[in-house]
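Each chain gets a letter, A, B and so on, in the order the sequences are listed, and its residues count up from 1.
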Amino acid sequence: MQLPQHPPASIEELLERTRQLAGLTLGELADLAGFATPENLQRHKGWSGQLLELWLGAEAGSKPEQDFPQLGVELKTLPVNEQGKPLETTYVCYAPLVNIAGMSWEHSNVRNKLSCVCWLPILASRTIAPAERRVGSAFVWQPDQNEEAALRQDWEEIMELLALGKIESVTARHGEVLQLRPKAADGKALTDAIGEQGQRIRTRPRGFYLKKHFTQQILDKVFNDV
DNA sequence: CGATGATCATTA
DNA sequence: TAATGATCATCG
């Protein structure tokens, strides 16, 4: 098996690639790709995601776009435990904190990123070394009406608070399925935001994340026919 | 700095 | 023990 030389031309080709990876360990995939496998992920937090991007032919980089622009598909690896439950929240995208007055859900980066996602579960309990973590069965998901409505409601509520200058009072507890949390290299990273009096303030950058129970419901629907 | 890939680790 | 808030690596 070898690394793809080009992005998949269709969703079917993408899924075919994921089927060939299912059941293999990350260590095996790293060896085949000439990738070094870290002992732990403390200093390699993005390692598994980047390894799978490589194997599926996604473009590397930090562009605020989907991983497979020509397919309109976003790739998300999802760490799960032995019961198939998500171990972590899922990062969606950076949150805009200024110039957000005229933004709409329809044109939001969150909606764009989540309009079509290829979920790739990884059996990744912390007791399992990175090399032994195993790739599961991928599937392509698009939010149904209820899911989109829930995402939209959370997004609109959070964005309104940001627009009203209440960013410092928004915590990860806001939102049923989508939450806003810090997203930065460290506590010293600062960006512009709107303050209580409408003035410009400096604050820690934020990102949107999917709560675990939301991704768990997505998994339940496809694997347990719930 | 902003954005990607995320997981870590302290605390509630 | 789970979740929140913090952090790590890399790229342009």
* Take atom CD of A/Gln42 and atom P of B/dA6, then tell me their distance rounded to the nearest Å. => 19 Å

* Asked: When we call it a touch if two heavy atoms are under 4.0 Å apart, what does A/Arg43 touch: a base, just sugar-phosphate, or nothing?
  -> sugar-phosphate

* Under a 4.0 Å N-O cut-off, is there an ion pair linking A/Lys221 with A/Glu147? -> yes

* Pairing of A/Glu82 and A/Arg134 as salt bridge, 4.0 angstrom limit -> no

* **First of A/Gly46 and A/Lys212 reached from the 5' end of DNA chain C, by closest nucleotide** => A/Lys212

* Please state whether the base of C/dT7 and the side chain of A/Lys45 form at least one donor-acceptor pair under 3.5 Å? => yes

* Where the side chain of A/Tyr94 is concerned, which of C/dT7, B/dT4, C/dT4 is the nearest nucleotide? -> B/dT4

* Would you mind reading off the distance between A/Lys85 atom NZ and C/dA3 atom C1', rounded to a whole angstrom? => 13 Å

* To do: Ignoring backbone atoms, test whether A/Ser48 places a side-chain nitrogen or oxygen under 4.0 Å from the OP1 or OP2 oxygen of B/dA6.
  => no

* Asked: What nucleic acid atoms does A/Ala184 come within less than 4.0 Å of, heavy atoms only: base, sugar-phosphate, or nothing?
  -> base

* Asked: To the nearest angstrom, how far is A/Leu210 atom CG from C/dA3 atom C1'?
  -> 15 Å

* Report the distance from atom CD of A/Gln50 to atom P of B/dT4, rounded to the nearest whole Å. => 13 Å

* Would you mind classifying the nucleic acid contact of A/Glu65 as base, sugar-phosphate or nothing, using non-hydrogen atoms under 4.0 angstrom? => nothing

* **side-chain N/O A/Lys63 vs C/dC11 OP1/OP2, d < 4.0 Å** => no

* Same hydrophobic cluster for A/Phe68 and A/Leu51, using side-chain heavy-atom links shorter than 4.5 Å among ILVMFWY? -> yes

* Tell me whether the OP1 or OP2 atom of B/dT7 has a side-chain N or O from A/Arg126 closer than 4.0 Å. => no

* What is the distance from CZ of A/Arg204 to C1' of C/dT7, rounded to the nearest Å? -> 12 Å

* To do: Give A/Pro79 one of three labels, base, sugar-phosphate or nothing, depending on what nucleic acid heavy atoms sit under 4.0 Å from its own.
  => sugar-phosphate

* Should A/Glu160 and A/Lys166 count as an ion pair when the cut-off is N to O under 4.0 Å? -> no

* Structure fact -> What one should report as the nearest heavy-atom pair of A/Gly136 and A/Ala22 is O-CB, 3.6 Å

* Select base, sugar-phosphate, or nothing to describe what A/Pro64 touches, counting heavy atoms under 4.0 Å on all strands. => sugar-phosphate

* Asked: Does A/Tyr91 make a side-chain N or O approach to OP1 or OP2 of B/dT4 shorter than 4.0 Å?
  -> yes

* Earlier contact from the 5' end, DNA chain B, for A/Arg202 and A/Leu75 -> A/Arg202

* Would you classify A/Lys188 as touching base, sugar-phosphate or nothing, given that sugar-phosphate means primed atoms plus P, OP1 and OP2, and contacts are heavy atoms under 4.0 Å? => nothing

* Asked: How would you label the contact of A/Thr191 with the nucleic acid (heavy atoms, under 4.0 Å): base, sugar-phosphate, or nothing?
  -> sugar-phosphate

* Is there a donor and acceptor pair closer than 3.5 Å between the side chain of A/Tyr209 and the base of C/dA3? -> no

* 5′-ward residue of the pair A/Asn40/A/Ala189 relative to DNA chain B -> A/Ala189

* To do: Confirm from the modelled atom types if A/Lys183 and B/dG2 form a donor-acceptor pair under 3.5 Å, side chain to base only.
  => no

* Atom pair distance, as rounded to whole Å: CD in A/Glu88 and C1' in B/dG5 -> 13 Å

* State whether the number of non-hydrogen atoms from other residues, nucleotides or ligands found under 6.0 Å of A/Glu176 atom CD is greater than 12. => no

* Take the protein atom NE2 of A/His174 and the nucleotide atom C1' of C/dA3, then report the distance between them rounded to whole Å. => 16 Å

* To do: Grab the CG-P distance between A/Asp192 and B/dA3 for me, whole Å please.
  => 12 Å

